[in-house]
Structure formats: structure tokens, C-alpha cells
Amino acid sequence: MATEEGQVFSCHTVEAWEQQLQKGNDSKKLMVIDFTASWCGPCRFIAPFLAELAKKLPDVIFVKVDVDELKTVAQDWAVEAMPTFMFLKEGKIVDKVVGAKKDELQRTIAKHLGTASA
């Protein structure tokens, strides 16, 4: 599956979600998952910012999951508010930001990229 660098991947099926998760685990890259909903104002507000981050940070995997579309995934990850951003490394949650907080989102990504130096 060819993928472009610097984009946000939207998962519309559980299979697509599992593929992205596996890819994140295999790549050992930082993965940022945006749990979102089409009816959520703050989610729509933060979406263009997330797309900008994805362009600026090709070493980070950005994934978007619509909680209404993939209810089981949202339940598995105990998502209670939108947007919720989960930060994963090798399949483990390393951090979480709840809400459309641009600064906190950027700081959290920077923090985990800083620790990603091999």
C-alpha cells in the first residue's frame, strides 16, 4: 500500500484502522491518532491544523478515526470526548490530549519527537 508522506490518514473501516496501527508499530514512528466526529465543532476547527502538522512532520504518522463510523475502536480506546488525540509509540499509548488545543498538541508531539532520537 503506497502512502504519501505528510498527510492525515482517515480510517473508515476497522481493517484500515488495524493496518495503520500495524504500520505504526512496525515503523517505530510516533503515531498521533485523532478521534473525531463530523458533528463536533472543535474537531472541525483543529482538522486544518492537524493537516499542517502532518505536512511539516513527515516522520510522524497521523491517523483520523471518526468515532461514529468506528464505534468499536473508540470504545476500545476509551474515548469519551472529541477531539481526543492519542500518542502511540510501538503500539503503546505514551500520551493523550483531549480537546482542540493547538499549543498542547504541538508541545506533546515535540516532546515525544525529542525522545525519539536513536
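What's counted below: heavy atoms across the whole structure, side chains too, no hydrogens, waters or symmetry copies.
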Legend entry - Audit row: Leu21, Val63, side chain to side chain contact (heavy atoms under 4.5 Å, CB included) steps and yes/no: CA-CA 9 Å; Leu21 206 52; Val63 178; over 6 Å; no
Inset, instruction - Apply side chain to side chain contact (heavy atoms under 4.5 Å, CB included) to the pair Val65 and Phe9, showing each step before the final yes or no. - result: CA-CA 9 Å; Val65 174; Phe9 299 99; over 6 Å; no
Legend entry - Close side-chain approach of Leu30 to Asp59, heavy-atom, < 4.5 Å: no
Legend entry - Where Met31 and Gln20 come nearest, the two heavy atoms and their spacing: CE-O, 3.2 Å
Legend entry - Where Ala100 and Pro42 come nearest, the two heavy atoms and their spacing: CB-O, 3.5 Å
Inset, instruction - For residues Lys102 and Phe45, determine if any side-chain heavy atom of one lies less than 4.5 Å from a side-chain heavy atom of the other. - result: yes
Legend entry - For the student: nearest non-hydrogen atoms of Leu70 and Cys11, plus distance: CD1-O, 3.5 Å
Inset, instruction - Check whether any side-chain heavy atom of Lys29 sits under 4.5 Å from a side-chain heavy atom of Lys23, and report yes or no. - result: no
Inset, instruction - Keeping the roles fixed (side chain from Lys56, backbone from Ala51), state whether a donor-acceptor pair exists under 3.5 Å. - result: no
Inset, instruction - Quick one: closest heavy-atom pair of Lys96 and Phe87, and the distance? - result: N-CD1, 3.8 Å
Legend entry - Taking every non-hydrogen atom, the tightest pair across Ile46 and Pro83: CG2-CG, 4.2 Å
Legend entry - Rounded distance [0.5 Å steps], NZ in Lys64 versus CZ in Phe85: 7.5 Å
Legend entry - Donor-acceptor pair, side chain of Asn25 and main chain of Gly91, under 3.5 angstrom: yes
Inset, instruction - Report yes if the side chains of Val14 and Thr72 come closer than 4.5 Å at any heavy-atom pair, otherwise no. - result: yes
Inset, instruction - Kindly indicate whether the side chain of Gln106, heavy atoms from C-beta on, has any atom under 4.5 Å from the side chain of Leu53. - result: yes
Legend entry - Atom pair CD (Gln7) and CG (Leu50), whose distance is rounded to the nearest 0.5 Å: 12.0 Å
Inset, instruction - Run the numbers on Ile61 and Val32 for side chain to side chain contact (heavy atoms under 4.5 Å, CB included), then give the verdict. - result: CA-CA 6 Å; Ile61 300 170; Val32 179; over 6 Å; no
Legend entry - pair Phe62-Asp34: side-chain heavy atoms closer than 4.5 Å: no
Legend entry - Lys92 and Leu88, any side-chain heavy atoms less than 4.5 Å apart: no
Inset, instruction - Measure the spacing between CD1 of Ile109 and NE2 of His112 and express it to the nearest 0.5 Å. - result: 9.5 Å
Legend entry - Non-hydrogen atoms of Ser38 and Asp66 that approach each other most closely: N-OD2, 3.7 Å
Legend entry - Under-4.0 Å salt bridge between Glu104 and Arg107: no
Inset, instruction - With rounding to the nearest 0.5 Å, note down the distance linking CH2 in Trp17 to CD in Gln22. - result: 12.0 Å
Legend entry - Transitive ILVMFWY side-chain link Phe35 to Val98, under 4.5 Å: no
Legend entry - Pairwise side-chain contact, Leu105 with Phe49, heavy-atom cut-off 4.5 Å (strictly under): yes
Inset, instruction - Dump the intermediate steps for side chain to side chain contact (heavy atoms under 4.5 Å, CB included) on Met86 and Thr84, then the final yes or no. - result: CA-CA 6 Å; Met86 297 278 189; Thr84 293; 4.1 Å; yes
